[in-house]
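Numbers here simply count residues along the sequence, with the first being 1.
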Amino acid sequence: MPAPHDLPEPPAVAAPLVVSDGKRRTLAFTPDDVQSEMLLARPDALVLDYTRAMMCFALFAPRPRHIVMVGLGGGSLAKFCHRHFPAARITVLEIRADVIALRDLFCVPPDDARLRVLHCDAADYLARMPGDADVLLVDGFDGRGLPPALASTAFYTACRRALRPGGVLVTNIFTYDPGYVSFLQRLREAFDGRVV
């Protein structure tokens with residue numbers, strides 16, 4: 001398994017915005033674009049529709065041994081998987097130290113034998129990762145949207161290599177992104193057309 005390494009923060013990146021109203025806590029990279037939302041009374045519940053949709057992987061891999069996630073955000077997916085897949089190891093790859101620093105505010109469990117949050121570049125990490133993931137959840141966004149490094153042919157090819165045979169990739173891609181059609185074409189090529 002490749003080791004994470006310390007990364008300098010990208011220049012001119014705005015700090016994440018955290019807002020609490022007594023019932024909910026949100027994380028955003030720009031004021032009008034919520035990346036993550038948490039119910040304070042139920043921190044491991046999936047609030048946003050897209051997070052529930054990403055859990056469709058359980059239809060194909062109901063008992064994953066290793067779940068790898070790209071992007072921590074407010075930890076919604078990590079917390080949900082930690083609770084509902086107790087036999088799975090969970091590895092979260094997050095490029096921003098300032099996002100990782102918010103994990104206590106979003107009730108993300110501490111690292112232990114089952115959960116590790118790594119400060120690393122996911123594209124670099126996955127390019128060197130052996131094929132031992134049953135599930136790979138790609139939900140890495142910045143203030144401009146989906147970073148090009150997380151939508152390239154090389155990245156999707158690395159994702160496929162990181163999966164065990166029968167493994168499942170779920171990726172969050174906005175249909176209104178100008179690159180949407182290109183992203184789907186790259187996915188189809190990397191996964192021999194097996195894209196739903």
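- Residues T91 and L118 are in side-chain contact: their nearest non-hydrogen atoms beyond the backbone lie under 4.5 Å apart.
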Q: Would you please test L126 and V70 for side chain to side chain contact (heavy atoms under 4.5 Å, CB included) and show each step?
A: CA-CA 10 Å; L126 289 172; V70 174; 3.9 Å; yes

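- By the 4.5 Å heavy-atom criterion applied to side chains, L169 and L137 are not counted as neighbours.
- Taking the six-membered ring wherever Trp is involved, the centroid distance between the rings of F155 and F183 does not fall below 6.0 Å.
- V108 approaches G74 most closely through the heavy-atom pair CG2-O, 3.9 Å.
- Listed here is the closest heavy atom pair of P62 and F85: O-CE2, 3.6 Å.
- Within 6.0 Å of CZ on R83 lie no more than 12 heavy atoms contributed by other residues, nucleotides or ligands.
- Contact record, L48 with S36: CD1-CA, 4.0 Å, taken as the closest heavy-atom pair.
- At least one donor-acceptor pair closer than 3.5 Å links the side chain of R164 to the backbone N or O of D132.
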Q: Verify side chain to side chain contact (heavy atoms under 4.5 Å, CB included) between D134 and V168, making sure each step is shown before the conclusion.
A: CA-CA 6 Å; D134 298 292; V168 178; over 6 Å; no

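- Linking Ile, Leu, Val, Met, Phe, Trp and Tyr residues whenever their side-chain heavy atoms come within less than 4.5 Å places L46 and L59 in a single cluster.
- When all heavy atoms of L105 and M38 are compared, the pair lying nearest together is O-CE, 3.6 Å.
- With contacts defined as side-chain heavy-atom distances shorter than 4.5 Å, the pair V170/F60 does not qualify.
- Remark: L184 CG to I173 CD1 distance equals 5.5 Å, nearest 0.5 Å.
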Q) Which is it for H66 and L136 under the side chain to side chain contact (heavy atoms under 4.5 Å, CB included) test, yes or no, and what are the steps along the way? A) CA-CA 9 Å; H66 188 196; L136 178 52; over 6 Å; no

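- Here the side chain of R25 pairs no donor or acceptor atom with the backbone of V18 at under 3.5 angstrom.
- The CG atom of D121 sits 4.0 Å away from the CD1 atom of I95 when rounded to the nearest 0.5 Å.
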Q: Check the pair R160, D192 against salt bridge (Lys or Arg N to Asp or Glu O under 4.0 Å), reporting the backbone distance first and the verdict last.
A: CA-CA 10 Å; R160 182 164 183 188; D192 299 327; 2.7 Å; yes

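- Interatomic distance, CG of L150 versus SG of C159, reported as 8.0 Å (0.5 Å rounding).
- Between L17 and L27, the closest side-chain pair of non-hydrogen atoms is not below 4.5 Å.
- Panel note: side chain R114, backbone H82; a donor-acceptor pair is recorded below 3.5 Å.
- At least one side-chain heavy atom of L115 sits under 4.5 Å from a side-chain heavy atom of V92.
- Across every non-hydrogen atom of D98 and A15, the tightest pair is OD2-CA, 4.1 Å.
- Counting heavy atoms from C-beta outward, D139 and Y50 have side chains that approach closer than 4.5 Å.
- By the 4.5 Å heavy-atom criterion applied to side chains, V135 and M69 are not counted as neighbours.
- Taking hydrophobic clusters as Ile, Leu, Val, Met, Phe, Trp and Tyr residues chained together by side-chain heavy-atom distances below 4.5 Å, V47 does not share a cluster with V19.
- Listed for the H119 side chain is no donor-acceptor partner under 3.5 Å among the backbone atoms of E94.
- The shortest heavy-atom contact between F191 and Y156 is CE1-O, 3.8 Å.
- With hydrogens and angles disregarded, a donor-acceptor distance shorter than 3.5 Å links the side chain of R186 to the backbone of A151.
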Q: Walk me through it: do R89 and D112 pass the test salt bridge (Lys or Arg N to Asp or Glu O under 4.0 Å)?
A: CA-CA 10 Å; R89 266 185 319 123; D112 60 18; over 6 Å; no

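- One distance of note links SG of C107 with CZ of R42; it measures 13.5 Å at 0.5 Å rounding.
- Using a 4.5 Å heavy-atom cutoff, the side chains of D124 and R128 are in contact.
- Looking at T51 and S76, their side chains never bring a donor and an acceptor atom within 3.5 Å of each other.
- The backbone N or O of K79 lies less than 3.5 Å from no partner atom in the side chain of D44, so there is not a single donor-acceptor pair.
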